[in-house]
Each structure stands twice: as C-alpha cells, then as structure tokens.
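A short worksheet on the structure shown next.
Heads up: numbering here begins at 1 and tracks the sequence.
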Amino acid sequence: RANENRKTGKASAAAAEIITSMKIISSQIFERFDNLIFGMSAKIVSASDNFSNNMSLSINDDPERVLKNRKTFFENLGLQIENVAYQKQIHGDKISYVTEGGFAGQSDALTTDKTNLGIAISTADCVAVFIYDVKEKVIAGIHSGWRGTELKIVRKSLKYLNSKFNSQSENLNVYLAPSISQRNYEVGREVAIKFKEKYILRLNGKMFLDVAQINYDALIDFGIPAGQIEKSELCSFDTQYLHSYRRDGKNSGRAFAMLAMRGKY
C-alpha cells in the first residue's frame, strides 16, 4: 500500500488517499464511518493501453472487458454489480433519487437513503463530489464539470437533500475526488467569463479555471464545516494512474468512484 497525505481543502485536518494493490483510491473522511463503503478506481499504469481498468461503456472499449472491470471493482469494495446505480452523465443539473442498482437514466447527481446500494460517478478530469448525511443516513454522488459547475449542481443537490431528506449542513461530510488541477485546465474566454475572476489564473496569455475550488467554496457557502470536507489534491492530468481526457483525448478511459452505506440484507 502507498499512503499519500493530502490537505483537506482549506481545513486543518489532514486527509489520506490510499492506493491499494487493487488500484482503488480511498477517502480518509469517509473512513471515519464504519457504515460507509467508498472507492475510486485507477488505471494499471503498466498496462499497454490507456483503456486499462476503464469503467465506461460509452467509449471505444470492449463491453465485456468493461463489465468485467466494473464487476471486479465493485466486488473488491464488497458490493455486487447489480447493487450499484449509475447514470448517463449529460453535463446538466438533473438530480435523481435511486432505490435500486443498474442504469438510472440521464442525470448528473444520484441520491439515495437505501443501504447496500452503491451510487457510481464516472470521471476522467471532472469533479466528482460525494456527500454523506451522518444523521439522516443519506448519500449523494455528483458529477460537476465546468458546465455543471456553472449550473451550480452542487448547491442544487444540497438544497435537494435538505428538501427531500431534511439534511442539515452541519451533518454533512463531503469528499471531492481527484480531478484536473487548475494549472492543467486551460479554457477559452467564452468559458472563463462565466466564473468569478478569483477562479481564473492568467498566465502567458492563457486562462486556467479552478473547477474543484468553485465546488469546494459552494460547500463552504452552504454552511458545511471545513473540517468535514476533504478536497483531493491529486490531479488527474498529472497522475499517471488516473484517467484524464485532457491528457489522453479519445484514448482516455473513465474511472468510477462509488459510495454506499452498509446495512443488513
């Protein structure tokens, strides 16, 4: 096992992301809770192709191999593939409530209060945000690229949790999974002008957007204590065992990050 210590956003508590021999990234903030299952898949760097350990059926990869990858990943975390819900992510702000595994339609956020049901978010640079309500026993998984971030999908998901489950900010624990760092995320002016100047780095005539920080700030603005937010500092572009569309283009695979609550069957 390799252990990497990372800062928890702007919080004082240290976070740890652990890469296991099964190529799974874990979250220290979720490891505080015995009833949670969390993991994010990673590439096998020594493999001969970039699709190594790819979890997406939407790219030019062998479907049988993808399903085998998913099955192995979920089973390593203790769940069967049929007990994990996933969605077709459309870079929007639709939020879905799921009660069973399998395909959940088109949306960019999944929520559930069911135990032994995983919710999976696909990513290859975009920010994946996972939320656990320790009091109401609810989880959420959110896909937030720049379009979803512009649409404020994280804030809308928080409001949804409050409305549907009475989730209160002080009871929420959050993990922002590895995503592309600002220094590697160049955007055009048409994208940059959609966000506050403080999230734009201007360097050598180029503009770079900090999507992860925008989402982190949305959590803080909602009232979630900084000590209950873990923001990964791993950059998908720079980290060879992570999939990155910006780095690999059409040759990039996709990762799955999955959160579930344990319960009696």
Legend entry - Closest approach of A85 to V98 (non-hydrogen atoms, all atoms of both residues): CB-CG2, 4.0 Å
Legend entry - Nearest-0.5 Å distance, CE of residue M261 to CD1 of residue I119: 8.0 Å
Legend entry - Interatomic distance, K196 atom NZ to D217 atom CG [nearest 0.5 angstrom]: 8.5 Å
Legend entry - Check: S144/T149 side-chain N/O donor and acceptor closer than 3.5 Å: yes
Inset, instruction - Please report the closest heavy-atom contact between A192 and M207, naming both atoms and the distance. - result: CB-SD, 3.7 Å
Legend entry - Residue pair N171 / D133, side-chain donor-acceptor N/O under 3.5 Å: no
Inset, instruction - Assess the side chains of Y245 and N251: does a donor N or O sit below 3.5 Å from an acceptor N or O? - result: no
Legend entry - side chain to side chain contact (heavy atoms under 4.5 Å, CB included) partners for T72, two or more places apart: K68, N76
Legend entry - Polar side chain donor-acceptor pair, D113 to Y97, under 3.5 angstrom: yes
Inset, instruction - Could you state whether Y185 and L201 fall into the same hydrophobic cluster, counting links through intermediate Ile, Leu, Val, Met, Phe, Trp or Tyr residues with side-chain heavy atoms under 4.5 angstrom apart? - result: no
Inset, instruction - Indicate yes or no for a side-chain donor-acceptor contact from E230 to the backbone of Q28 under 3.5 Å, with no hydrogens or angles considered. - result: yes
Legend entry - Proximity of Y132 and F33 rings by center, below 6.0 Å: yes
Inset, instruction - Can you label the angle between the Y86 ring and the F256 ring as parallel, tilted or perpendicular, going by 30° and 60°? - result: tilted
Legend entry - N/O donor-acceptor pair under 3.5 Å between Q87 side chain and A109 backbone: yes
Inset, instruction - Could you tell me whether a side-chain N or O of N116 sits under 3.5 Å from a main-chain N or O of G263, the two making a donor and an acceptor? - result: yes
Inset, instruction - Determine yes or no for a side-chain-to-main-chain donor-acceptor pair under 3.5 angstrom, with R262 supplying the side chain and L36 the backbone. - result: yes
Inset, instruction - State the CD1-CD distance between I29 and Q228, to the nearest 0.5 angstrom. - result: 7.0 Å
Inset, instruction - State whether the side chain of R247 and the backbone N or O of S252 hold a donor-acceptor pair below 3.5 Å, judged by distance alone. - result: no
Inset, instruction - Give a yes-or-no answer on whether the side chains of N162 and S167 include a donor-acceptor pair shorter than 3.5 Å. - result: no
Inset, instruction - Indicate whether any N or O donor in one side chain lies under 3.5 Å from an N or O acceptor in the other, for N166 and Q168. - result: yes
Inset, instruction - Indicate whether any N or O donor in one side chain lies under 3.5 Å from an N or O acceptor in the other, for S107 and S96. - result: yes
Legend entry - Between CG on residue N184 and CZ on residue F237, distance to nearest 0.5 Å: 5.0 Å
